[in-house]
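Quick notes on the structure that follows.
Only heavy atoms go into these numbers, but all of them, side chains included; no hydrogens, no water, no symmetry mates. Predicted, not measured: the structure shown is a model, and the values here were computed from it.
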Amino acid sequence: MIWEIDEQERVIEGIDASGRPDPAYAAALGLVNAPYGRRALALVCDLAVWTVIQLPLWLGALPLLLKLATGAVSPYGFVNHPDFVLGIVTASITVALTLAFLIVQLVLHGRRGLTIGKAVTGIRSVNVRTLERPGVGAVLLRFLIVFAAGVVPFGSAVFLLSPTFDPQGRGRGWHDKATNVWLVDARNGLNPYDEKRMRIARKMVKAEPVEERAELPSLATPLDPARQPEYRPGSRISAGVLGLARPPETPKAQVTPAPPQVPVPQPKLPQPQLPEVAPQEASPSTTLVLRLDTGESIPVSGPILLGRNPDAADHPGARAIRVADGSRTLSKTHMLVRPVTGGLEVVDCASTNGSGLIRAGVEQGLTAGVPVRAADGDRIRLGDRTADVVRA
């Protein structure tokens with residue numbers, strides 16, 4: 001038996017037929033070109049950090065090196081100079097910090113699209129084709145191109161100014177085009193590293209192709225008599241159906257039309273709703289527990305506030321309980337839960353993604369600020385998270 005594996009090539013959205021990125025697609029997603037002023041400020045911030053790292057070398061080792069270069073001290077005097085050990089230590093510190101700085105900058109830029117300066121100014125780098133992280137290799141090659149251009153007088157400066165005369169108006173310099181890098185504004189536009197918002201934006205922009213209906217053959221007589229029609233119906237007899245003869249006509253009997261039937265309105269079935277329960281005093285004999293979908297149990301012996309980081313300032317006496325939210329659908333203060341006789345009382349605290357009470361497979365959405373009674377066996381929905389009401 002031979003197994004064949006169909007390896008489907010990844011489809012990159014926003015690429016035209018020639019394989020070039022479409023600026024209109026990126027603009028439709030909400031991506032904005034990084035402004036030149038903040039790009040220059042980001043470069044200044046990175047150079048400022050690099051300058052601070054060089055201070056130990058310049059203050060501790062450079063004066064002694066200048067004395068050796070100008071002949072103020074001999075090589076023997078240089079090695080035996082009282083500041084020789086200090087110069088070695090400060091130079092070693094600068095070299096170690098410089099290497100760490102370059103590695104951190106390279107990895108952050110390649111994997112997260114930012115450096116220290118870009119993080120301060122709100123700029124991110126992406127791959128112009130995939131609109132994802134540019135990659136460490138591309139970032140390193142981009143740096144080496146600008147560094148190698150410095151061999152020519154003013155070469156690095158010309159490369160750094162090349163984004164200002166980009167014919168596409170996207171602010172991509174020669175070093176950016178060589179490495180497929182594009183700098184975007186994460187403050188005034190969509191942050192490309194916000195995976196949730198990028199996924200929503202791609203779904204909103206993506207347009208499904210409409211299948212074209214096949215054109216049916218025409219049965220009409222062609223205008224050109226010499227032209228042969230593509231489809232010609234077969235010979236038909238007088239009955240209109242192949243192979244059948246038309247039956248002899250028989251006199252039709254007069255049929256008295258029946259009176260029209262009056263439609264009987266069908267009774268509408270009531271929509272399943274959960275009963276409204278007025279809040280009651282808590283029963284000391286019964287303790288219920290909220291069992292989250294992660295398996296964690298929260299006893300409800302008194303009023304509690306659930307959310308990402310609930311604030312109990314508006315609910316005196318309630319105990320704030322922080323719930324881990326991997327789904328990112330919980331609000332900061334999402335729901336108030338308090339014990340009542342024979343159950344719990346749940347109140348939605350104007351959450352963003354809403355709450356609900358599920359009983360016997362039927363869900364009732366909770367209105368913000370309106371208490372709803374929950375009993376043992378019910379399930380509470382908080383955004384995309386759920387919690388079962390069970391006995392302790």
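Atom OG of Ser92 is separated from atom CD1 of Ile88 by 6.0 Å, given to the nearest 0.5 angstrom. Atom CD of residue Gln54 and atom CG of residue Leu62 lie 11.0 Å apart, to the nearest 0.5 angstrom. The distance from atom CD1 of Ile15 to atom CG of Asp22, rounded to the nearest 0.5 Å, is 8.5 Å. Within the model, atoms CG of Leu305 and OG1 of Thr333 stand 6.0 Å from one another, a figure rounded to the nearest 0.5 Å. Phe143 contributes atom CZ, which lies 10.0 Å from atom CD of Gln105 (distance to the nearest 0.5 angstrom). Note that the CG atom of Leu108 and the CD1 atom of Ile116 stand 8.0 Å from one another [nearest 0.5 Å].
Taking the side chain as every heavy atom from C-beta outward, Pro163 and Arg39 approach each other to under 4.5 Å. The shortest side-chain heavy-atom distance between Val346 and Met335 falls under the 4.5 Å cut-off. Residues Val128 and Arg170 form a side-chain contact, since some pair of their non-hydrogen atoms from C-beta on lies under 4.5 Å apart. Counting heavy atoms from C-beta on, the side chains of Leu190 and Val184 never come closer than 4.5 Å. Side-chain contact between Leu31 and Leu131: present, with at least one pair of heavy atoms (C-beta onward) separated by less than 4.5 Å. Looking at Arg38 and Asp185, their side chains come closer than 4.5 Å, going by heavy atoms from C-beta outward. Within the 4.5 Å cutoff, the side chain of Leu290 has heavy atoms near those of the Val337 side chain. Contact check for Cys349 versus His334: no side-chain heavy atoms found under the 4.5 Å cut-off.
Formation of a donor-acceptor pair under 3.5 Å by the Ser162 side chain with backbone atoms of Trp174 is found in this model. The backbone N or O of Thr352 lies less than 3.5 Å from a partner atom in the side chain of Ser331, making a donor-acceptor pair. The backbone N or O of Thr329 lies less than 3.5 Å from no partner atom in the side chain of Asp384, so there is not a single donor-acceptor pair. Judged by distance alone, the side chain of Asn33 and the main-chain N or O of Gly169 form a donor-acceptor pair under 3.5 Å. Asp348 places a side-chain N or O within 3.5 Å of a backbone atom of Ala350 that can act as its donor or acceptor partner. For Ser156 (side chain) and Val146 (main-chain N/O), a donor-acceptor pair under 3.5 Å exists by modelled atom type. Listed for the Tyr36 side chain is no donor-acceptor partner under 3.5 Å among the backbone atoms of Leu161. When atom types are taken as modelled, the side chain of Thr94 and the backbone of Leu57 share a donor-acceptor pair closer than 3.5 angstrom. The main-chain N or O of His175 is found under 3.5 Å from a side-chain atom of Thr179 such that the two form a donor-acceptor pair. Side chain of Arg111 to backbone of Leu106: no donor-acceptor contact under 3.5 angstrom is found.
Among residue pairs with one or both ends in residues 73-102, those qualifying as ring pair (Phe, Tyr, Trp, His ring centres under 6.0 Å) are Phe78-Phe84; sequence neighbours excluded.
The shortest non-hydrogen separation linking Val126 to Pro192 is CG1-CG, 3.4 Å. Of all heavy-atom pairs spanning Ser297 and Arg291, the tightest one is OG-NE, 4.0 Å. Across every non-hydrogen atom of Leu357 and Ile380, the tightest pair is CD1-CG1, 4.1 Å. The minimum heavy-atom distance linking Leu292 with Ala387 is given by the pair CD2-CB, 3.6 Å. Heavy atoms only, all atoms of each residue included: Arg319 and Pro299 are closest at NH2-O, 3.6 Å. Listed here is the closest heavy atom pair of Lys118 and Ser125: CE-OG, 3.5 Å.
Using a cut-off of 4.0 Å between Lys/Arg side-chain N and Asp/Glu carboxylate O, Asp166 and Arg172 are scored as not salt-bridged. Salt-bridge formation is not detected for the pair Asp325/Arg308: no Lys NZ or Arg NE/NH1/NH2 atom is positioned less than 4.0 Å from an Asp or Glu carboxylate oxygen.
One hydrophobic cluster, built from ILVMFWY side chains closer than 4.5 Å, holds both Leu102 and Val49. Using a 4.5 Å cut-off between side-chain heavy atoms of Ile, Leu, Val, Met, Phe, Trp and Tyr, with links allowed through other members, Leu99 and Trp50 fall into different hydrophobic clusters. If you chain together hydrophobic residues whose side chains sit under 4.5 Å apart, Val300 and Val323 fall into the same group. When hydrophobic clusters are built by joining Ile, Leu, Val, Met, Phe, Trp and Tyr residues whose side-chain heavy atoms come closer than 4.5 Å, directly or via intermediates, Tyr193 is grouped together with Met198. Under a hydrophobic clustering in which Ile, Leu, Val, Met, Phe, Trp and Tyr are joined whenever their side-chain heavy atoms come within less than 4.5 Å, directly or via other members, Leu29 and Val181 fall into different clusters.
Using modelled atom types, one finds a donor on one side chain and an acceptor on the other under 3.5 Å when comparing Arg322 with Asn309. The closest side-chain donor-acceptor pair between Arg202 and Tyr25 falls under 3.5 angstrom. At a cut-off of 3.5 Å, with distance as the only test, a side-chain donor of Thr115 or Asp46 sits close to an acceptor on the other residue. Between the side chains of Asn127 and Trp182, not a single donor N or O lies within less than 3.5 Å of an accepting N or O.
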Evaluate side chain to side chain contact (heavy atoms under 4.5 Å, CB included) for Leu288 paired with Arg391, printing each intermediate quantity in order.
CA-CA 5 Å; Leu288 296 179; Arg391 295 183 180 272; 3.9 Å; yes
Worked check of side chain to side chain contact (heavy atoms under 4.5 Å, CB included) between Arg142 and Asp176
CA-CA 7 Å; Arg142 182 174 180 267; Asp176 298 325; 2.6 Å; yes
Take Asp378 and Arg373 through the test salt bridge (Lys or Arg N to Asp or Glu O under 4.0 Å) and record every step on the way to the result.
CA-CA 10 Å; Asp378 290 346; Arg373 176 78 171 273; over 6 Å; no
Just do the side chain to side chain contact (heavy atoms under 4.5 Å, CB included) check on Leu344 and Arg338 with the steps written out, would you?
CA-CA 6 Å; Leu344 300 176; Arg338 51 196 174 201; over 6 Å; no
Tell me, with the steps shown, if Ile321 and Ile298 meet side chain to side chain contact (heavy atoms under 4.5 Å, CB included).
CA-CA 9 Å; Ile321 297 180; Ile298 302 176; 3.4 Å; yes
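When each of Arg385, Arg381, Arg379 is paired with Asp293, the salt bridge (Lys or Arg N to Asp or Glu O under 4.0 Å) condition holds for Arg385 and for no other.
At most 12 non-hydrogen atoms from other residues, nucleotides or ligands lie less than 6.0 angstrom from CZ of Arg20. At most 12 non-hydrogen atoms from other residues, nucleotides or ligands lie less than 6.0 angstrom from CZ of Phe154.
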